[in-house]
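Sequence positions, counted from 1, serve as the residue numbers for this chain.
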Amino acid sequence: MLDVVAWVHAIDGRMLTVRARGRDLLYLPGGKREPGEEDWAALSREVREELGVELQAGSFRPLGVVEAPAHDQGEGVRVRMACFAAAHSGRLSPQAEVDEYVLVGPNQRDLLAPASQLALDLATEHGLCPLP
């Protein structure tokens with residue numbers, strides 16, 4: 001089981017996703033925690049590394065946890081993704097292993113890795129990405 005944190009952020013009703021180098025599907029910004037790292041610290045670090053923005057601590061809020069088959073991993077590997085919303089400061093800019101960021105609407109599920117599809121459902125439930 002891969003245990004990760006993810007940033008769920010919407011712009012104009014569409015969810016922010018990233019395309020990592022060499023990947024065919026889109027993922028949420030985020031990643032694995034370092035040993036002993038709290039969710040907030042891990043998420044802030046990962047988002048800074050991937051998109052060059054700072055998350056604002058006072059706006060950090062949990063949205064839920066999703067579990068799905070891990071895309072591009074061995075058979076039977078699953079991912080458990082704790083999803084959080086937070087405001088940010090700075091301009092979004094792909095960094096490190098991220099080639100681009102893409103805004104995805106509820107009708108574009110096929111572009112997303114399985115866990116990201118479930119996170120889109122969370123975003124919709126919380127009113128971040130309303131259904132058309």
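- In summary, Asp99 and Arg19 do not engage in a salt bridge, as defined by a charged side-chain N under 4.0 Å from a carboxylate O.
- No continuous path of ILVMFWY side-chain contacts below 4.5 Å connects Val4 to Tyr101, so the two sit in separate hydrophobic clusters.
- Contact annotation: the side chain of Val66 approaches that of Leu122 to within less than 4.5 Å [non-hydrogen atoms, C-beta and beyond].
- No single ILVMFWY cluster, assembled from side-chain heavy atoms under 4.5 Å apart, contains both Leu26 and Trp7.
- Formation of a donor-acceptor pair under 3.5 Å by the Gln117 side chain with backbone atoms of Pro114 is not found in this model.
- The side chain to side chain contact (heavy atoms under 4.5 Å, CB included) with Met81 is formed by just one residue from the set Val65, Leu2, Leu28; it is Leu28.
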Exercise answer: donor-acceptor pairs, residues 91-98 side-chain atoms, under 3.5 Å, sequence neighbours excluded:
| unit_1 | atom_1 | unit_2 | atom_2 | d |
| --- | --- | --- | --- | --- |
| Ser93 | OG | Gln95 | NE2 | 3.3 |
| Gln95 | NE2 | Ser93 | O | 3.0 |

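- For Arg14, the salt bridge (charged side-chain N to carboxylate O under 4.0 Å, His left out) criterion is met by no residue, not counting sequence neighbours.
- Criterion: ILVMFWY side-chain heavy atoms under 4.5 Å apart, direct or through other members. Under it, Met15 and Val18 are not part of a common hydrophobic cluster.
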Using distance only, find each side-chain donor-acceptor pair of residues 53-64 under 3.5 Å and give its atom names and separation, not counting sequence neighbours.
| unit_1 | atom_1 | unit_2 | atom_2 | d |
| --- | --- | --- | --- | --- |
| Glu54 | OE1 | Arg48 | NE | 3.3 |
| Glu54 | OE2 | Arg48 | NE | 2.8 |
| Gln56 | NE2 | His88 | O | 3.4 |
| Ser59 | OG | Gln56 | O | 2.7 |
| Ser59 | OG | Ala87 | N | 2.7 |

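- Residues that satisfy the salt bridge (charged side-chain N to carboxylate O under 4.0 Å, His left out) test with Asp3, not counting sequence neighbours, are Arg33, Arg80.
- Scanning both residues, Ala123 and Val8, for their nearest heavy atoms gives CB-CG1, 3.8 Å.
- Of all the heavy atoms in Gly13 and Pro106, the pair that sits closest is O-CD, 4.4 Å.
- Taking each heavy atom of Glu50 and Pro29 in turn, the nearest pair found is OE1-CA, 3.2 Å.
- Here SG of Cys83 is found 14.5 Å from NE2 of His9. Values are rounded to the nearest 0.5 Å.
- The salt bridge (charged side-chain N to carboxylate O under 4.0 Å, His left out) check on Glu49 picks up Arg45, with sequence neighbours excluded.
- The two atoms that bring Thr124 and Cys129 nearest to each other are OG1-O, 3.1 Å, heavy atoms only.
- Contact between Asp24 and His71 at its shortest, heavy atoms only, is OD1-CE1, 2.9 Å.
- Glu46 places no side-chain N or O within donor-acceptor distance of the main-chain N or O of Val5, the cut-off being under 3.5 Å.
- Under the 4.5 Å side-chain heavy-atom criterion for ILVMFWY residues, a single connected hydrophobic cluster contains both Ile11 and Phe84.
- Using a 4.5 Å heavy-atom threshold, the side chains of Thr17 and Tyr27 count as separate.
- Follow the hydrophobic side-chain contacts under 4.5 Å out from Val47 and you never reach Leu112; the two are in separate clusters.
- Residue pairs that meet the salt bridge (Lys or Arg N to Asp or Glu O under 4.0 Å) test with at least one member in residues 107-120, sequence neighbours left out, are Arg109-Asp121.
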